[in-house]
Amino acid sequence: MKRHVLHPLWVAIGLVGVIFIARQFLVPDDFGVHGDSFTYNYYRLSNVQEWKDFEIKYRGRDSCRECHADNVRAHRRAPHKRVECENCHGPSGNHPDDVEFLPLNKERSMCLRCHADLDYPNTARADLPAIVDRRHKRGRECVECHNPHDPREDVS
Amino acid sequence: MSEEIIVHGVEWTAKELFVYPNEFIYWSIQIVMYPYMTGLVAGAFVLSSLYHVFGQKDLKEIAQFSLVFSLALLPVAALPLLLHLQQPLRAMEPLLTPHFTSAIAAFGIVFTAYGLIVLSEIWFVYRVYFVHELELLKSRSGFWNVLRRIVYTILTLGARDVSADAVRVDHKAAKILAGVGIPVACFLHGYAGFIFGSVKANALWMSPLMPVIFIMSAVVSGIALCMFTYIVIMEWKAFRSRRRDSAAAAGEIKGVETDVIHKATRYLLGFLVAAISLELLDLIFRGYTAMKSWDILRSVMYGKDFVNIFVLQYLLGNLVPFVLLLLPGRTIKRTVVALLLVLFGVFMMRWNVVIGGQAFSLSFAGYMHYHIPLIPHSLETFKEGLFGALTVIATPFVLFWLIDKFVPSLRRDIGEA
Amino acid sequence: MTCSRRAFLKDTLGCSLASVLPLSAFTLLTRTEARAAVANSNVRWGFLVDTNKCVGCGMCVKACKNENEIPYDAPVTRTWVERYIVTKDGRTLADSPLGGRDGYTQREISEEDIEPEDIAKAFFVPKLCNQCDNPACVQVCPVGATYKTDDGVVLVDREWCIGCGYCIMACPYGVRFFHPVHKVAEKCNFCYHRITKGLDPACVQSCAFGARRLANLRDPDDPVTQIITTERVAVLKDEYGTKPNVFYLGLDANVR
C-alpha cells in the first residue's frame with residue numbers, strides 16, 4: 001500500500017488542528033454551557049453582567065420627589081396621578097448633572113394619546129374624558145388652557 | 001455614536017394590511033442564492049461521482065469537468081452568506097462556537113468536510129498530472145513557469161511516485177472519496193433544506209419534506225449547470241479550432257459528445273421527476289390538511305405568487321424542459337434550452353421558498369412584497385440587491401477559469417480509470 | 001487483497017488518531033463553577049398584560065425606545081401595541097402604526113374609517129418578547145449569541161451575534177429585529193438592567209393604567225403571580241410549544 005495516499009489526510013488534520021488552536025485564542029474563556037441545557041444555556045457568561053450594567057434612563061417618580069416634592073404632591077392629588085412624570089418630561093437620566101432642563105413635551109399630540117375620542121365601546125379608553133381633535137380648539141396646545149399637573153384647573 | 005441608522009429590510013419591503021411592526025423581508029436575494037449555489041455544488045459532485053463510483057463510462061469527460069467545477073463553486077457557496085451577514089467579520093464563529101442545535105451551525109463542519117473531500121478527490125485524480133508537469137517545467141524559465149512550478153510543487157504534497165501501483169492506489173482512493181462524498185453532498189444540501197423545513201414559525205417552510213425537496217432540486221440544478229457549461233466550452237473550443245482550420249486541432253476537439261449528454265440527461269430527468277413529485281406532494285398536503293395558515297398561504301400561492309410558482313417554476317422551469325427533453329430527435333440546441341429552463345426553474349423554486357415564505361405576515365392577516373434593489377446606492381443595496389446576486393453568479397466562472405489553468409478539467413488523458 | 005486490508009487498518013488508525021482532536025473538544029464545553037454564582041432559582045421573570053386596561057396611548061413604546069436606545073424614528077421596536085376593531089358584520093381589522101409609538105389618535109384603521117355604530121368591539125393589545133421557556137430563537141442560533149438566563153430572560157450577546165437573522169425568522173411572535181445601529185439581533189429583554197436592580201421595566205413604569213405588570217413567577221406572594229395562577233389567563237400562539245411567560249387577561253379570539 002502506498003503511503004502517499006495519506007498525505008491529504010495529514011493536510012486535513014492540520015487544518016482541523018489550526019481551527020482548534022484558533023479557538024483557544026478567539027473564543028472567550030467563559031463561553032460554555034451555563035445552565036441545564038446546551039440548547040438554551042450556551043453562551044458567554046460575562047454578557048449577563050454587561051446587560052446588567054446597561055444605563056438606566058427613566059428613574060421614576062420617587063427620584064423626582066427628592067427635589068420637586070411640591071409638584072409631585074400636587075400631581076398626586078389630581079386625576080393624572082398615575083401618569084409618570086417622565087412620560088411628559090422625558091427620561092431624567094443623570095439630571096440635573098448632565099441635563100439641566102429635561103425636554104418637556106407639551107404638544108397637543110401628547111395629550112391626544114389618551115384623550116382623542118375614538119368612540120370605541122367597552123374599552124378603558126371610554127372612561128377617559130375625550131375630545132374630537134378637529135372640533136376642539138384645533139391647532140392650539142392643550143396646556144394653554146389645561147394644567148397637566150391638575151387638569152381640573154383652568155389656566156387659560 | 002454617529003453610525004448610520006439602517007433598518008435592514010425596510011428598503012425592499014412593502015407591507016400590506018396587518019403586518020407586525022418588526023417584520024421585514026430579512027432573508028432576501030442572497031439567501032435565495034445560497035441554497036442555489038450549494039445545490040449546484042452538490043449536484044456537480046453527484047454527477048462526477050456517477051462516473052467514479054458507479055463506473056458510468058459515458059460520463060467520464062463531464063464527470064471530470066464537474067469535479068473541478070464543483071471546486072470552483074464551493075467558495076462561491078459561502079459568498080452569499082458573507083454578503084448577507086450583518087457582522088461578516090464574525091463569520092468564523094460557527095466554526096469556533098458551533099451551537100449544534102442550529103442547522104446553520106452544521107454549515108461550518110459540513111462545508112469544511114465537503115471541501116476537503118472535493119480537494120482530496122481532485123488531488124488523487126490529478127496527482128500524476130502534477131508530477132508530470134513538474135518534470136516538464138524543470139527546464140523552463142520565465143515568471144509564469146516559475147509560478148506554475150511552485151504551485152505544482154505544493155500541490156503534489158511531496159508524493160512523487162508515479163509507478164503503476166501508485167496510480168492504482170490513486171484511482172481507488174478517488175473512488176472511495178467519490179463514494180463518501182455523495183452522502184456528504186446530500187448532507188450539504190439536505191441541511192440547507194433543514195434550515196427552512198425546521199422553522200415552525202414559518203407556515204410555508206415548516207415541512208419534513210423540505211430537506212429532501214432541496215436535495216433533489218439541488219442535484220437537478222447541479223447536473224444541468226455542468227451539462228450546460230460543458231456543452232458551451234466544448235462547442236466553443238470546436239468552433240475556435242474550426243476557425244483556425246488546423247487539421248490536428250480539429251481532429252482532437254470534436255465538440256460535445258452527444259452520448260455523454262444523453263446519459264446525463266437521463267439522470268437529470270430522474271431527479272427532476274423526484275423533485276416535482278415531492279413539491280406537489282407538499283402542496284397537496286397543505287391544501288388537504290388546511291391548517292390555520294392555509295388561508296393566507298392559499299391567497300399568496302394562488303394570488304400574488306401565482307405567476308412565480310405555477311407559470312415560472314412549474315410550467316417554464318419544470319414541465320416545458322421535461323417535455324423538451326423527452327420529445328424524440330433531441331438536439332444539442334434543444335437540450336441547451338431545456339437546461340437553461342431547468343436552471344431557471346430551480347432558481348425560482350429557491351425564490352418561491354425563501355421570498356414566498358416571507359410574503360405573508362406572522363399575523364396571517366397581511367402581506368409583504370419584495371422589491372429587489374436593482375441599482376445599488378449603498379453598500380447594503382449592493383450586497384442584498386441585483387448586483388450582489390450577479391456577483392455571486394459570475395464568480396464561479398471566474399474561479400473556474402483560474403483553477404482550470406492549474407487543474408485542466410477537459411483533458412481526456414487525465415485520470416484514466 | 002492484502003494491500004487493501006493493510007490499507008484499511010492504516011486508515012482506521014489514521015482516522016482514530018484524527019478523531020482524537022475533535023473528541024478532545026468536548027472538554028472545552030465545561031460547566032463552570034460560575035453556574036453556582038449565576039443560579040437565581042428563586043427568581044423567574046414573567047409578565048402580565050391586561051388588555052382590558054390598555055387605552056392605546058403608546059407611552060410604553062416611547063419609554064421603551066428611550067430607555068433601550070432604539071432609534072426613535074426607526075420602524076422597529078422592542079414592544080408595541082396593536083389595535084383591533086371587530087365590526088358587526090364580522091370583519092377584523094388590525095393595525096400598529098410604528099408599533100403604536102405615537103398612540104392612537106385617529107379613527108382610520110388601514111385607511112378605512114369605521115363608523116362607531118358598525119363596531120362590535122375594539123381593543124388594544126400590547127405585545128413584547130415572551131421570554132419563552134422553550135425559545136425557538138435560542139435553539140436556532142448557530143453561535144450561542146442568544147440564550148436564556150437562570151432567571152428566565154432571553155438575552156442577546158451583542159459582541160458575539162453574527163447577524164444571520166435565523167433567530168428573527170424562528171420567532172413565531174415577530175418580536176425580534178436587527179438593531180439599526182449595532183447591526184445585531186435585538187429584542188425586548190424585560191429591561192434586564194432595571195429588573196435586576198429592583199426597578200420595573202420602562203414600559204411597566206410608564207403605563208398609567210396598570211395594563212402591564214412584571215411578575216416573579218417563583219414568588220407565591222407576588223400579587224401579579226397570584227393573578228396569573230388564580231385567574232383565567234391566556235398566552236399567545238401556544239400551539240408552537242414555546243411555553244411563553246407573558247400572560248394575558250382579556251385576550252380576544254381575534255387577536256393575531
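The sequence lines fix the lettering, A, B, ..., with proteins before strands; numbering per chain opens at 1.
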Can you say whether [X] sits under 4.5 Å from chain A via the side chain, the backbone, both, or neither, judging by heavy atoms?
X: C:Val154; answer: neither
X: C:Ile85; answer: side chain
X: C:Thr196; answer: side chain
X: C:Ile114; answer: neither
X: C:Asp102; answer: both
X: C:Lys62; answer: both

Under 4.5 Å from a heavy atom of chain C, the part of [X] involved:
X: A:Pro121; result: both
X: A:Asp62; result: neither
X: A:Leu128; result: side chain
X: A:Ala124; result: both

State whether the side chain of [X] and the backbone N or O of [Y] hold a donor-acceptor pair below 3.5 Å, judged by distance alone.
X: A:Arg113; Y: C:Arg101; answer: yes
X: C:Arg194; Y: A:Tyr58; answer: yes
X: A:Lys57; Y: C:Ala63; answer: no

* To do: Give, for atom NZ of C:Lys53 and atom CG of A:Asp127, the distance between the pair rounded to the nearest 0.5 Å.
  =>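 So the NZ of C:Lys53 and the CG of A:Asp127 are separated by 12.0 Å.
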
* Atom OH of A:Tyr40 and atom SG of C:Cys137: how far apart are they, to the nearest 0.5 Å? ->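 The SG atom of C:Cys137 is 9.0 Å from OH of A:Tyr40, to the nearest 0.5 Å.
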
Between [X] and [Y], which heavy-atom pair has the shortest distance, and what is it?
X: A:Arg125; Y: C:Phe124; value: CD-CE1, 4.2 Å
X: A:Phe54; Y: C:Glu67; value: CE2-O, 3.5 Å
X: C:Thr149; Y: A:Val48; value: CG2-CG2, 4.4 Å
X: C:Gly144; Y: A:Phe31; value: O-CZ, 3.5 Å
X: C:Val156; Y: A:Asn47; value: O-OD1, 3.7 Å
X: C:Lys148; Y: A:Asn41; value: O-ND2, 2.8 Å

* Neighbourhood of chain C inside residues 130-149 of chain A, taking heavy atoms under 4.5 Å as contact ->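 Within residues 130-149 of chain A, no residue comes under 4.5 Å from chain C.
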
* To do: Would you mind telling me which of C:Ala202, C:Ala208, C:Ala211 has the largest number of heavy-atom pairs within less than 4.5 Å of chain A?
  => C:Ala208

* Please report the C-alpha distance between C:Arg158 and A:Glu50 in whole Å, then the side-chain angles of each, then the deciding distance to 0.1 Å, and finally whether the side chain to side chain contact (heavy atoms under 4.5 Å, CB included) criterion is met. => CA-CA 10 Å; C:Arg158 284 184 176 169; A:Glu50 285 167 16; over 6 Å; no

* Indicate whether any N or O donor in one side chain lies under 3.5 Å from an N or O acceptor in the other, for C:Arg83 and A:Tyr120. => yes

* I would like to know whether A:Tyr43 and C:Asp157 meet side chain to side chain contact (heavy atoms under 4.5 Å, CB included); could you show each step before the answer? => CA-CA 8 Å; A:Tyr43 59 101; C:Asp157 185 346; over 6 Å; no

* To do: Step by step, work out the side chain to side chain contact (heavy atoms under 4.5 Å, CB included) result for A:Glu86 and C:Met59.
  => CA-CA 10 Å; A:Glu86 286 162 305; C:Met59 286 307 309; over 6 Å; no

